[in-house]
Amino acid sequence: MITRAKYNPVALEEKWQARWDERDIYAARDDDPRPKFYNLVMFPYPSGDLHIGHWYNYTGADIYGRYMRMRGHNVTQPIGFDAFGLPAENAAIKRNIQPRAWTLDNIARMREQLKRMGAGWDWPREVVTCLPDYYTWTQWIFLQFFKNGQAYRTKAPANWCPTCNTTLANEQVVNGACERCGTPVERREIDQWLLRITDYADELLHFDGMDWPEKTRLMQTNWIGRSEGAELRFTARVPVAGPIKNGKRAAAKTENAATPATVAGGESENAATPATGGYEQVEIPVFTTRPDTIYGVTFFVLAPEHPLVERLTAPERRDAVQAYIEQTRHESEIERLSTEKDRAKTGVPLGGAVTNPVTGQQVPVWIADYVLMGYGTGAVMGVPAHDQRDFEFARQFGLPIVEVIREEGEPATDPATWETAKTAKGAMVNSGAFDGTPGPEAIRRVIEWAEAHGVGKGAVNYRMRDWLISRQRYWGAPIPIVYCPEHGAVPVPEDQLPVMLPDEVEFKPTGESPLRYVPEFLHTTCPICGKPATRETDTLDTFICSAWYFLRYADPRDAQHAWVNDKVDEWLPVDMYIGGAEHAVMHLLYARYFVKALRDMGLLNISEPFRRLYHQGIVLGRDGVKMSKSRGNVIAPDDVVNVHGADAVRAYLMFMGPFDQGGPWNDKGIEGVYRYLNRVWTLVTDAIERRGEGGEGQRVAAGASVDRLRHKMIARVSGEYDALRYNTALAALMEFVNALNKLRDETPDLVRDDRFAAALDTLMVLLAPMTPFITEELWHELGHDESIHEQPWPAYDPALTVDDLITVVVQVNGKVRDRLEVAADVSEADVRALALASARVQSATGGREPKKFVYVPGRLANIVV
RNA sequence: GCCGGCGUGGCGGAACGGUAUACGCGGCAGUCUCAAAAACUGCUGCCCGACAGGGCUUGUGGGUUCGAAUCCCACCGCCGGCACCA
């Protein structure tokens, strides 16, 4: 009895990881002549431990990278840490530890865990966004955006907790209240920096040449929300603006395409005199996708925050309007936008009226929370007959409903009897001179009329808003701006970067940014005049850090530049980007915007960052639901790796189901995969041993079957890897091992046939991307010196992937009745004769004459009787 | 509410419009063992049948087709995204 070394994954994985580290075999060189392949994963937030979702994402990506490397590409698979963000501050407050120390500790631990996975990380390219050698360039990019008019400062709403005296992230608002103190959260306008992503709305709608999931393109398209229609200017007679109240008056929302209100004939600021008494005419533009329904306007609705609300409110309505505004100010956006069935429309009339620019008709003005200041112009023309929301609003408050669009052939009906609005396009009716204008022309004709009469124009509107990048927090990249009493907001000169984030700060219970309490940070001098000035204490949204890290990977150690285009052009665009679908919109849209904006600043030559995108699925807990600490169903990768090894964890994760679907974790499932790896181990070590007993180089008849099997497997597994179908790739490799075991049991001498040896080599190579450690070990045991991960992917001979004998299925009326074992090149006539001669077929046909004979060559025959 | 996706054995899941249930888990039986575990071998969709064999089966109901898990229509259920977008 010979004792062979047992498969001991933990020990051999440590050994090989150390050797790979020494040789840095996964570090891609810029001057490598092979075609490049940029294999990117979404870098992790250093939360403390790598979780099973990271393993899933990174294993699937790593398999692809290893496969492409063996396919002859110069693969880089960089990794880094998205290291700024809120959790570090939370941990700091909770555990009295500095965010920097907490973050760097976590990174150190996660680096080790990332190594343990056996992924081919290109470590020399690592980036850590919270370190100055990275955020210097994040700040530099902000300055480029500022210089090129892409960054601007304006009042923007934030969640405000009046007790903590601080802004809150959405995550910190629980049921409309501050998560720390329970105080109801208010919306508050504060000065913040934004980026003009809306400038790129149209270009971002194009995905030419991009291999992205349809679902993601659709989500981005819907997020951008382009709609075509018209801007129509309604007018109202209002009291001349009085003295400025509460510090703001009709502050035009300058950042959208349309301005909400301007006084006819000039700027409101200039035209309005602070005199008392007197009236003036103001224009209130609305955006509508249905200008053809203009004759159906029976009311007009403003967002409660609309700057003209106060002046349009009749004195006797003031109290009711104030009360309603106060009510909506405390409603969260979610509540306001809720479409729960029972939720009735709310709103109050202002007591004033506006004039329809096309019909000249006066209609009452209301405010209602279903109109949002952030979309369009913050004003809606109410057309209850043809818009469902307006319909419900009119029903709620007894406002008239007038039908102005009718589909062809439809009889006139009384809108009072309708149950819903009629939103289909049709011909205009009850519309004066426009009556009878058919649907396709109606919108265009009304726009032409409005343009000719100077009361409106065709317009495009977007749902997407500009990107708010200010965060009133410490743990982020400081915004490189200085406020000078004389010169206002002044950018920090590039040669003075970075604006260093103080390493240690104090978190005071006021909740104000700790940076305000660091005098040496706060106080500085104006870059223009040298007089005392203060720094911006807001930091950048961490989405900024992650909107360009893939550029930095091209040359991360360059201390003089964020990047140089020689290197970027060599590696970018990313060939494969794998990450979670939760980033389908924000991160992926921001990164695309960055690349386009930087291109237009002359800083990049590419237009899109990611050529191919893939979203992995989600690993669920043992109970089949999403893992969460509160449910206690979290799988800790370290625990499983300690028992079965990284290879088994990798292979099991991939075997669970299709890579883009994820699935529930099953402890028995990983045991099955572990058993498989043991069978692989035994198959190979047993063959080596028996081969050593002498008589190598024999040839046995079964060798031909082995050879055929080997070629078939190369073809099959290659196709599966190409399509990231790892579950079926592993199924094929399991079949391969089962078949080799069986053939060898039938013909023990097979182990001495070089075709069996070749099959074992091929098995190792095909399995290598999935389970890099065991295959490396056995590869060397099989007598090879180089790393298996530097081997070329094997080729196959198509002629050897087909069998001499095939099975042709014989159906009678579509039901399988017999199977014929015939030569692969059998003729239809022969199949027909054999099929009709079959006893089973004859019994099924009952002697009836075939009406029809369908033949699918080499597969199936169907006899119809 | 809108948009997207998905419903296949006891379970995870396979299946170019052409042999449904590959591969794995679980279960049953056996080999080895004093015994058990591990390992290995065989069987394992459901129903009838001793066998031979027959019938049924991809959420439900229709349709297209020689042939449908796959395509079309309607319904039921589950999951994800967006949230009154004018």
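Residue numbering restarts at 1 for every chain, and letters A, B, ... go by the order of the sequence lines.
- Pairing for A14(B) is absent, judged as Watson-Crick or G-U wobble with the two contacts each under 3.5 Å.
- Nucleotide U65(B) forms no Watson-Crick or G-U wobble pair with any nucleotide shown, as no partner meets the under 3.5 Å limit on both distances.
- Among the protein residues, Gln388(A) comes within range of no part of the nucleic acid, since none of its heavy atoms lies under 4.0 Å from any strand.
- The nucleotide whose nearest atom lies closest to any side-chain atom of Ser227(A) is, among C23(B), U19(B), A86(B), A86(B).
- No engagement by Asn813(A) is indicated, since no non-hydrogen atom pair under 4.0 Å with the nucleic acid exists.
- The CG-P distance, from Leu589(A) to C82(B), rounds to 14 Å in whole Å.
- Pairing of A29(B), defined by two Watson-Crick or G-U wobble distances under 3.5 Å, is identified with U41(B).
- Remark: P of A14(B) and CD of Glu720(A) are 10 Å apart, rounded to the nearest angstrom.
- Shortest non-hydrogen contact noted between Ala651(A) and Val673(A) is CB-CG1, 3.4 Å.
- Arg217(A) comes within 4.0 angstrom of nothing in the nucleic acid, heavy atoms only.
- Cation-pi geometry between Arg592(A) and Trp212(A) is satisfied (NZ or CZ under 6.0 Å from the ring centre, within 45° of the ring normal).
- Taking the C1' atoms as reference points, U60(B) lies 15 Å from C78(B), given to the whole Å.
- At the heavy-atom level, Gly225(A) lies nowhere under 4.0 Å from the strands shown.
- Of the C1' atoms belonging to C16(B) and C82(B), the separation is 35 Å, rounded to the nearest Å.
- Between the C1' atom of G53(B) and the CZ atom of Arg840(A) lies a distance of 9 Å, rounded to the nearest Å.
- In this structure, NZ of Lys6(A) is placed 17 Å from P of A37(B), rounded to the nearest angstrom.
- When distances run from any side-chain atom of Pro658(A) to the nucleotides A22(B), U19(B), A14(B), the shortest one goes to A14(B).
- Taking a 6.0 Å sphere around CD of Gln396(A), one finds it holds more than 12 heavy atoms contributed by other residues, nucleotides or ligands.
- Between His583(A) and His587(A), the ring planes are perpendicular. Angles over 60° get that label, and only those under 30° would be called parallel.
- Across Phe299(A), Phe393(A), Phe300(A), a single residue satisfies ring-ring contact (aromatic ring centres under 6.0 Å, His included) together with Trp366(A), and that is Phe393(A).
- Side-chain proximity of Trp223(A) to C40(B), A86(B), A83(B): nearest is A83(B).
- Listed here is the closest heavy atom pair of Pro384(A) and Pro400(A): CG-O, 3.4 Å.
- If you check G4(B) for Watson-Crick or wobble pairing at under 3.5 angstrom, you find it paired to C79(B).
- Listed candidates were G81(B), A86(B), G24(B). Nearest to the side chain of Tyr375(A) is A86(B).
- Taking the C1' atom of each, C66(B) and A14(B) are spaced 26 Å apart, rounded to whole Å.
- Atom NZ in Lys215(A) sits roughly 11 Å away from atom C1' in C6(B) (whole-Å rounding).
- Checking A50(B) for Watson-Crick or G-U wobble geometry (two distances, each under 3.5 Å) identifies no partner in any strand.
- Checked against C82(B), A86(B), G24(B), the side chain of Arg463(A) finds its nearest nucleotide in C82(B).
- Rounded to a whole Å, the CG atom of Leu860(A) is 15 Å from the P atom of C16(B).
- A straight line from CG of Asn222(A) to P of G81(B) spans 15 Å, rounded to a whole angstrom.
- Note on Val856(A): a base of the nucleic acid sits closer than 4.0 angstrom, heavy atoms only.
- Side-chain proximity of Arg819(A) to A86(B), U19(B), C23(B): nearest is U19(B).
- Between G30(B) and G12(B), the distance separating the two P atoms is 30 Å to the nearest Å.
- Nucleic acid contact for Val816(A): sugar-phosphate only, since backbone atoms but no base atoms lie under 4.0 Å from a heavy atom of the residue.
- Here the side chain of Lys815(A) is nearest to one of G12(B), C56(B), C40(B), namely C56(B).
- With rounding to whole Å, Asp745(A) atom CG is found 19 Å from U31(B) atom P.
- The structure places CG of Leu820(A) at 12.0 Å from CG of Leu805(A), a figure rounded to the nearest 0.5 Å.
- Using a 4.0 Å cut-off, some side-chain N or O of Arg675(A) falls inside it from OP1 or OP2 of G26(B).
- Comparing C25(B) with A20(B), their P atoms are spaced 25 Å from each other, to the whole Å.
- Taking every side-chain heavy atom of Val864(A) into account, C66(B) is the closest of C23(B), G26(B), C66(B).
- Rounded to whole Å, the separation between the P atoms of U21(B) and U57(B) comes to 15 Å.
- Nearest heavy-atom pair, Leu683(A) versus Arg744(A), reported as atom, atom and distance to 0.1 Å: CD1-NH1, 3.9 Å.
- Counting any heavy atom pair closer than 4.0 Å across all strands shown, Arg716(A) reaches no nucleic acid atom.
- Nucleotides C11(B) and U58(B) have their P atoms positioned 15 Å apart, rounded to a whole Å.
- As rounded to the nearest Å, C72(B) and A22(B) have C1' atoms that lie 29 Å from one another.
- The Arg859(A) side chain lies nearest to C16(B) when the options are A22(B), C16(B), C40(B).
- Taking side-chain N and O atoms only, Asn678(A) has no distance below 4.0 Å to OP1 or OP2 of A38(B).
- Closest to the side chain of Asp387(A), from the set G18(B), G12(B), A86(B), is A86(B).
- Along RNA chain B, the nucleotide nearest Asn862(A) and the nucleotide nearest Thr288(A) are compared for position; the residue whose nucleotide lies closer to the 5' end is Asn862(A).
- Annotated as anti: G61(B), whose O4'-C1'-N torsion sits more than 90° from 0.
- Between Glu671(A) and Gly662(A), the one whose closest nucleotide on RNA chain B sits nearer the 5' end is Gly662(A).
- Base-pair partner of U70(B): not found among the strands shown (Watson-Crick or G-U wobble, both distances under 3.5 Å).
- The side chain of Asn727(A) contributes an N or O atom lying less than 4.0 Å from OP1 or OP2 of A14(B).
- With a cut-off of 3.5 Å on both Watson-Crick or G-U wobble distances, the partner of G9(B) is given as none.
- Counting all heavy atoms, side chain and backbone alike, Tyr652(A) lies closest to Asn666(A) at OH-N, 3.0 Å.
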